[in-house]
Every structure is written in structure tokens, then in C-alpha cells.
Amino acid sequence: MSDPLIILHVEDDPAHAELVREGFRGHRLPHEIRHVASGAEALDYLLQRGAYAEADDCPRPDVVLLDLRMPGMDGIDVLAEMRASDELRDLPVVILTTSDADNDRLEAYRNQISAYIVKPMGFDSMAVLLDVISLALKK
């Protein structure tokens with residue numbers, strides 16, 4: 001059996017976070033979702049600092065699912081810091097957002113994301129979407 005796919009999900013909306021968890025729940029691909037609710041918390045997790053200083057409690061993710069619209073540090077700010085870090089520069093990031101704005105897409109791709117996905121609103125659509133993501137990221 002292969003190691004589980006570690007997914008860091010950065011999402012401030014608890015309902016959207018639960019939808020992602022539910023969407024992945026039926027997958028045969030072994031996975032583990034780690035959820036954080038803010039951009040600042042995501043960077044703490046990724047850089048293993050603050051509440052995440054113990055490396056055993058925060059395994060390096062294989063992919064980051066990142067919301068753009070968050071209070072405080074938004075997704076673009078998180079991306080910019082990740083890409084400026086030697087440690088995080090090459091970590092795959094999938095933007096999972098409600099924003100369909102061209103300027104958001106452009107700014108995200110300028111920061112070298114792997115994919116930009118506008119959140120579907122229904123559970124069935126989210127499950128199909130996550131199917132595609134999990135297959136693309138399969139180890």
C-alpha cells in the first residue's frame with residue numbers, strides 16, 4: 001500500500017471545507033486532508049512554525065488546495081510567500097475558489113499554480129471535481 005496523499009486544504013468557510021472532506025471521503029486513493037482556516041495558518045503549517053512546530057503533527061503535503069478569498073492574508077499573498085520560499089517553491093497548488101474573475105486567474109497563474117478551479121455549488125459536482133484532482137495527483 002502506498003503512502004496516503006497528504007492534502008493541505010486552506011479554507012475559511014467551514015461549509016466549503018466540509019464539502020471537500022465529504023467529496024474525498026469515498027475515494028479509494030489513500031489520502032489525508034489537513035485543514036487550516038487562514039492564509040497565515042497555512043504558512044505556519046507549511047513552514048512548521050508556531051502551533052505547527054512539531055514536524056510529526058504536520059506532514060509535508062503533496063498538494064495544497066487554496067481558497068483565494070480569505071480575511072487577512074488571502075490566497076494570492078500565500079502563493080507569493082510560497083513561491084519566494086526555497087522550501088515551498090515547487091509544491092503543487094490548486095486554487096479552489098468561488099472567484100471566476102480574470103484578474104484573479106491571471107494573478108494566480110503568475111504565481112505558478114497547478115490549476116485554477118471555480119468551486120461548484122453542489123455536492124455531486126464537487127465530488128466529480130475532486131475525483132479529477134485526486135486522479136491527477138495520484139502517487
Exam field: side chain D62 to backbone I6, donor-acceptor pair closer than 3.5 Å
yes
Hits for side-chain contact (heavy atoms from CB on, under 4.5 Å) against D100, two or more places apart or cross-chain, chain-then-number order -> R105, V118
One should read off an interatomic distance between H35 NE2 and E18 CD, to the nearest 0.5 angstrom, of 10.0 Å
L46 and R60 have their tightest heavy-atom pair at O-NH1, 3.3 Å
Check your understanding: Is there side-chain contact between D74 and L68, with at least one heavy-atom pair below 4.5 Å?
Key -> no
Applying salt bridge (charged side-chain N to carboxylate O under 4.0 Å, His left out) to D86 and not counting sequence neighbours gives R89
Hits for side-chain contact (heavy atoms from CB on, under 4.5 Å) against A101, two or more places apart or cross-chain, chain-then-number order -> S99, N103, D104
Between the CE atom in M82 and the CG atom in L66, the distance rounded to the nearest 0.5 Å is 7.5 Å
All heavy atoms of L47 vs all of S85, minimum pair found to be CD2-OG, 4.2 Å
d(L43 CG, E81 CD) to nearest 0.5 Å is 5.0 Å
Residues passing the side chain to side chain donor-acceptor pair (under 3.5 Å) test with D90, sequence neighbours excluded, are none
Hits for side-chain contact (heavy atoms from CB on, under 4.5 Å) against E41, two or more places apart or cross-chain, chain-then-number order -> V36, A37, S38, Y52
Interatomic distance, CD1@I95 vs OH@Y109, rounded to 0.5 Å, equals 9.0 Å
Interatomic distance, NE2@H9 vs CG@L96, rounded to 0.5 Å, equals 5.5 Å
Applied to residues 6-16, the salt bridge (Lys or Arg N to Asp or Glu O under 4.0 Å) test, sequence neighbours excluded, yields E11-K119
- Task: Output yes when a side-chain donor or acceptor of Q48 lies under 3.5 Å from a complementary backbone atom of C58, and no otherwise.
- Result: yes
Might you work through the side-chain contact (heavy atoms from CB on, under 4.5 Å) test for M70 and V10, ending with a clear yes or no? CA-CA 9 Å; M70 296 180 288; V10 186; 3.7 Å; yes
Applying side chain to side chain donor-acceptor pair (under 3.5 Å) to R49 and not counting sequence neighbours gives D44
Contacts of Q112 meeting side-chain contact (heavy atoms from CB on, under 4.5 Å) (sequence neighbours excluded), chain-then-number -> R83
On a heavy-atom basis, the closest approach of D77 and G72 is OD2-O, 4.5 Å
Which of L65, V63, V64 passes side-chain contact (heavy atoms from CB on, under 4.5 Å) with P61? Answer is V64
